[in-house]
Amino acid sequence: MLDARERRAARQSELQQRFRGQPLLCFTMNIAGEIKNSSLIRFAFMHGVNQLKKLNPIHTELYHEPTGNECYMLFNLKAETLKEKTVLIEDGTKLGRLFDMDVLDASHTKVGRKEPRKCLICSQNAAECARSRAHGIDAIQTKTNEILKDFAAELLARAAVDALKEEVCITPKPGLVDRNNNGAHRDMNIELFFSSADCLQPFFVRAAQLGLKGDSDFDSLRAIGIEAECAMLKTTGGVNTHKGANYSMLLLLCAIADLLANEKDSPFEKVKELAWAGHEPLNTHGAAMKQQHGAFGVIGEARTGFCHARRAVNYLKNMPAHLVLLHIISELDDTNVLYRGGIEASNRLKAEAKRILTLPQSEQHDAIIALDEECIRSNISAGGAADMLALALFLSNICGYITIM
């Protein structure tokens, strides 16, 4: 730890020499005990970094050391103004209590707080509690772990809901609900999708909490999923807005949280494990399409670790989401399409999606609009592809917090 302090001091000195006259922010985490870094700690740390990026730093350096995570930022702000903004971040949430955001002015002097920090345990003056050792390290570590896990579960669930809402708003989409129309769905619209997504959030939190326990199993996750589906149907008046997405998101949330708890490199093996542990339902549209056409549906996608969604994450780096959807449609055996239109409709939709992707950019929009009109006339909706796009959006959005791709 002494070496780490010396290294931080050297980095601060070098940056202040390079950026003379600019205030320097040094951001670390207040983590008690020997373990100063983990996937869960780094996840929370990156949230702090993302909050600070909203203040428009002119230079940023990140270091992930066994002795802790470190962020250095320079700003075109007065040091006192910067300190006021960082205090708002530190004091604004429970997680902020674990943030340590030091601001150094142009003379290398640390800018102090106007109000003392509160203790993690009792909310009294933190410095006084530290001096008197009012709370044992076990209590502090327990509280820290509770804050980290609560934050991770809430953020992951919120990101999942946001991805579902982002997907339905992408326009244009062939045969699907979007901002232009309700696609091939007389009983659905954007507002219903938003209400459905919101009602799923507490169940998404529970799925993440299950994964964070580090010993998740399919039966426990399935029980959450059944409750979530009942809540969805109650909210929508019996309309199936997110059945497939609910199943997929619950698996993925649980697996990513399991990664945070168990220091794994990827969540997708856990997704496969959970999906294979579940029994395939009988007497469903998906089961019928598997028997008739060999299409594996959402369960099959999960058992591959959501290969189409992962591929779509890479597409999202270079193209707009409505074109990424066409890539998914062109590659996926969508059981929704097969059920509504059979193998011929599926092949036509795949071929048209591929054709549109080869068109000049100036012609693609009109071609998608024409395909949308044809899907509406034919009562075709690529709901499975839309679910994979929502997963891809979710994965893409949380890449700023955790490396999983």
Side-chain angles (χ1 to χ4, degrees), residues 1-2 4-5 26-51 64-71 86-102 113 115-159 201-217 220-221 223-224 253-265 267 270 398 401-402:
M1 292 305 296
L2 287 174
R5 280 196 287 270
C26 176
F27 167 40
T28 56
M29 297 284 287
N30 289 316
I31 304 294
E34 295 182 359
I35 298 175
K36 301 293 184 182
N37 208 346
S38 68
S39 295
L40 191 58
I41 294 169
R42 191 158 53 249
F43 187 81
F45 173 78
M46 289 308 300
H47 176 69
V49 170
N50 290 332
Q51 293 294 102
H64 302 293
E65 310 277 8
T67 51
N69 302 285
E70 302 171 16
C71 172
T86 61
V87 166
L88 290 175
I89 296 173
E90 290 177 334
D91 293 348
T93 62
K94 290 182 180 179
L95 181 67
R97 305 275 282 278
L98 302 179
F99 292 164
D100 189 5
M101 298 177 174
D102 289 338
R113 279 171 149 261
E115 298 291 336
R117 296 205 72 166
K118 294 181 179 179
C119 172
L120 195 65
I121 305 295
C122 67
S123 297
Q124 299 301 311
N125 187 304
E128 291 179 3
C129 285
R131 279 195 297 269
S132 66
R133 298 188 178 182
H135 315 289
I137 191 169
D138 288 346
I140 295 172
Q141 288 178 317
T142 297
K143 185 64 175 179
T144 297
N145 200 42
E146 175 190 313
I147 290 172
L148 290 171
K149 287 186 174 182
D150 286 350
F151 163 75
E154 291 288 345
L155 186 142
L156 288 171
R158 183 71 255 170
Q201 182 166 350
F203 304 98
F204 288 171
V205 170
R206 287 170 56 188
Q209 289 172 334
L210 180 66
L212 286 164
K213 291 179 180 178
D215 58 352
S216 52
D217 63 276
S220 298
L221 190 61
I224 297 171
L253 286 162
C254 185
I256 291 172
D258 182 81
L259 176 154
L260 293 174
N262 292 316
E263 299 293 324
K264 295 179 180 177
D265 294 330
K270 184 66 177 181
I398 66 167
Y401 295 85
I402 183 173

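For this chain, numbers begin at 1 and follow the sequence in order. Keep in mind that this is a model prediction, so the values were computed, not measured.
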For residues 119-130, dump all side-chain donor-acceptor pairs below 3.5 Å to protein atoms at least two apart in sequence or in another chain.
unit_1, atom_1, unit_2, atom_2, d
Asn125, OD1, Ala127, N, 2.9
Asn125, OD1, Glu128, N, 3.2

Do any side-chain atoms of residues 150-159 form donor-acceptor pairs under 3.5 angstrom with protein atoms, and if so which ones, sequence neighbours left out?
unit_1, atom_1, unit_2, atom_2, d
Arg158, NE, Asp162, OD1, 3.2
Arg158, NH1, Gln201, OE1, 2.7
Arg158, NH2, Asp162, OD1, 3.1

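The CG atom of Leu148 sits 5.5 Å away from the CG atom of Leu98 when rounded to the nearest 0.5 Å. Atom CD of Gln141 sits about 8.0 Å away from atom CD1 of Ile35, to the nearest 0.5 Å. Rounding to the nearest 0.5 angstrom, the gap separating the CD atom in Gln209 from the NZ atom in Lys149 is 10.5 Å. Note: Ser38 OG to Asn262 CG = 11.5 Å, rounded to the nearest 0.5 Å. One finds the SG atom of Cys254 at 5.0 Å from the CG atom of Leu221 (value rounded to the nearest 0.5 Å). How far CD of Glu146 is from NZ of Lys94: 6.5 Å, rounded to the nearest 0.5 Å.
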Checklist line | Test log, rule side chain to side chain contact (heavy atoms under 4.5 Å, CB included), inputs Lys264 and Asp258 | finding: CA-CA 8 Å; Lys264 295 179 180 177; Asp258 182 81; 2.7 Å; yes
Note to self: Between Leu212 and Leu40, does the side chain to side chain contact (heavy atoms under 4.5 Å, CB included) criterion hold? Intermediate values first, please.
What the structure shows: CA-CA 9 Å; Leu212 286 164; Leu40 191 58; 4.1 Å; yes
Next item on the list: Apply side chain to side chain contact (heavy atoms under 4.5 Å, CB included) to the pair Arg113 and Asp91, showing each step before the final yes or no.
Entry: CA-CA 11 Å; Arg113 279 171 149 261; Asp91 293 348; 2.8 Å; yes
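Between Phe27 and Phe45, the two ring planes are parallel [angle under 30°; tilted spans 30° to 60°].
Scored by the salt bridge (charged side-chain N to carboxylate O under 4.0 Å, His left out) test, Arg117 finds Glu90 as partners (sequence neighbours excluded).
Closest approach of Asp100 to Asp102, counting heavy atoms only: OD1-OD1, 3.3 Å.
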